[in-house]
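Order of appearance sets the numbers: ligands from 1, and atoms from 1 within every ligand.
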Amino acid sequence: MLIKRRAGWDMPENQATPESVFLNRRQLMAAGAGLIAGAALPGAAAAQSADPTVDLYPAKRNAAYVLGVPQTAEEDAANYNNFYEFGMSKDIVDASKRLATRPWNIQVDGLVEKPFEIGFDDLIRKLPIEERLYRFRCVEAWAMAVPWTGIPLKSFVALAKPLAGAKYIRFETFMNPRVAPGQNQRWYPWPYTEGLTIAEATNELPLLVTGIYGKPLPTQHGAPIRLITPWKYGFKSVKSIRKISFVAERPKTFWEGLQASEYGFWANVNPAVPHPRWSQASEQILGSRERRPTQIYNGYGEQVAGLYKGLEGEKLFM
Ligand SMILES: Nc1nc2c(c(=O)[nH]1)N[C@H]1C(S)=C(S)[C@@H](COP(=O)(O)O)O[C@H]1N2
Ligand SMILES: [Mo]
């Protein structure tokens, strides 16, 4: 690959996660470091209050999903993000506000009974949304635990009516280098894409997320709609989805296109399988100085381990 510069994903864990970024946002503000990031954009505030889905929040919580670890503070989750379209740093909140999330159409194509395009505001009223508390683990070894709101992916798959030949789903992010400066960096295989098998997609866990902390999703978290697969490393959870394709062949993902030796298709969390350049045995808790041990499948083995029976020959954990 042509990757010569050491980007965020390309750093050893201790560099990718400097201690200061885990400190509470208030502590950073107090230290005077958050003045610019904390300044409100009046235009964006107006857009937020005009969100046409705000009446749907907070959605009813599904009590079947419990964290087992403390919930992350909203401001910690909201100010430490990976969204390379808007820059390599974790501080992309303001840059991401340039993304216009209305109108927002999602194209559904490939091996389905009838390909269609649907407006996000129609989709969210067509399929029920619910709130779920999920743990979340980035491959860089930081972790959080947050209340997402969204549509179970399996109910979306039922709506799309895949044909028998559909074995995988491919998700694609928007492409607009004029608002997303990162997309001008030609050595990345834009647009960001990810994929799941149909069996994974129809498991109970994956959510098409539309909200967080009882509100519509802010742009830095991937508004208006993103995927969340809590048993896989965070890069599988593709943001700001524009296209969902049902396909026969395993799609090549953004990270595989960039560095296949380090980022594979499956990317299931496993403390015993290190990233080629750092350990995955423990994780740094966002908003604190503490680490805790990593759990296999990020603690969701009961729900997902069965998906991988018979696939032991695959690189399931990277
Ligand atoms: N389109 C897009 N989706 C993306 C990314 C990205 O850079 N672009 N980063 C991924 C990575 S590496 C992580 S850890 C999560 C971060 O989600 P969060 O910022 O909402 O916590 O988003 C994932 N989805
Ligand atoms: Mo990540």
> Of all the atoms in ligand 1, which lie at a distance below 4.0 Å from a heavy atom belonging to Met144?
21 (O)
> Kindly give the cluster partners of Leu67, where membership spreads through any ILVMFWY side chain lying under 4.5 Å from a current member.
Val69, Leu133
> Which is it for Phe235 and ligand 1 at heavy atoms under 4.0 Å: side chain, backbone, both or neither?
both
> Please find out if less than 6.0 Å separates the ring center of Tyr297 from that of Tyr300.
no
> So how far is it from Phe86 CZ to Tyr84 OH, rounded to the nearest 0.5 Å?
14.5 Å
> Check step by step if side-chain hydrogen bond (donor to acceptor under 3.5 Å, both in side chains) holds for Arg137 and Thr294.
CA-CA 9 Å; Arg137 174 61 152 76; Thr294 301; 3.0 Å; yes
> Pick one of side chain, backbone, both or neither for how Phe86 approaches ligand 1, counting any non-hydrogen atom pair under 4.0 Å.
neither
> Please state which part of Glu85 comes within less than 4.0 Å of ligand 1, counting heavy atoms only: side chain, backbone, both or neither.
side chain
> What donor-acceptor contacts under 3.5 angstrom involve side-chain atoms of residues 111-119, with partners at least two apart or in another chain?
| unit_1 | atom_1 | unit_2 | atom_2 | d |
| --- | --- | --- | --- | --- |
| Glu117 | OE2 | Asn105 | ND2 | 3.1 |

> List every atom of ligand 1 that sits less than 4.0 Å from any heavy atom of Trp142, numbering the atoms from 1 in the order shown and giving each element.
14 (S), 21 (O)
> With rounding to the nearest 0.5 angstrom, report the CG to CD distance, Asn62 to Glu131.
10.0 Å
> What protein heavy atom sits nearest atom 24 (N) of ligand 1, and how far away is it?
Ser237 O, 2.9 Å
> Find all atoms of ligand 1 within a distance of less than 4.0 Å from any non-hydrogen atom belonging to Tyr84, and give their numbers and elements.
6 (C), 7 (O)
> Measure the distance from atom 18 (P) of ligand 1 to every protein heavy atom, then report the residue, atom name and distance (to 0.1 Å) of the closest one.
Lys239 NZ, 3.4 Å
> Heavy-atom contacts with Cys138 under 4.0 Å: which atoms of ligand 1 show up? List them by number with element.
14 (S)
> Can you sort out which atoms of ligand 1 are near His221, meaning under 4.0 Å from one of its heavy atoms?
18 (P), 20 (O)
> Measure the spacing between CG of Leu258 and OH of Tyr263 and express it to the nearest 0.5 Å.
8.0 Å
> A cation-pi test, strictly: NZ or CZ of Lys90 under 6.0 Å from the centre of the six-membered ring of Tyr80 and no more than 45 degrees from its axis. Yes or no?
yes
> Check if Phe136 has a non-hydrogen atom at a distance under 4.0 Å from any atom of ligand 1.
yes
> At a 4.0 Å cut-off, with the gap strictly under it, does some heavy atom of Glu140 reach an atom of ligand 1?
no
> Which ligand 1 atoms are under 4.0 Å away from a heavy-atom of Phe83?
1 (N), 6 (C), 7 (O), 8 (N)
> Among all the protein's non-hydrogen atoms, which is closest to atom 12 (S) of ligand 1, and how far away is it?
Asn82 ND2, 3.5 Å
> Identify, by atom number and element, the atoms of ligand 1 in contact range of Thr173, meaning under 4.0 Å from any of its heavy atoms.
1 (N)
> Between Phe83 and Tyr192 (judged by ring centroids, cut-off 6.0 Å), do the two rings come close enough to count as a pair?
no
> Of the protein's non-hydrogen atoms, which lies at the shortest distance from atom 10 (C) of ligand 1, and what is that distance?
Tyr192 OH, 3.4 Å
> Identify, for atom 17 (O) of ligand 1, the protein heavy atom at the shortest distance, and state residue, atom and that distance.
Arg226 NH2, 3.1 Å
> How about Glu312: does its CD atom have over 12 heavy atoms from other parts shown lying under 6.0 Å from it?
yes
> Can you check whether Asn81 has an N/O within less than 3.5 Å of an N/O in ligand 1?
yes
> Go through the steps to decide whether Arg242 and Glu172 satisfy the test salt bridge (charged side-chain N to carboxylate O under 4.0 Å, His left out), and finish with yes or no.
CA-CA 6 Å; Arg242 274 284 195 195; Glu172 187 176 302; over 6 Å; no
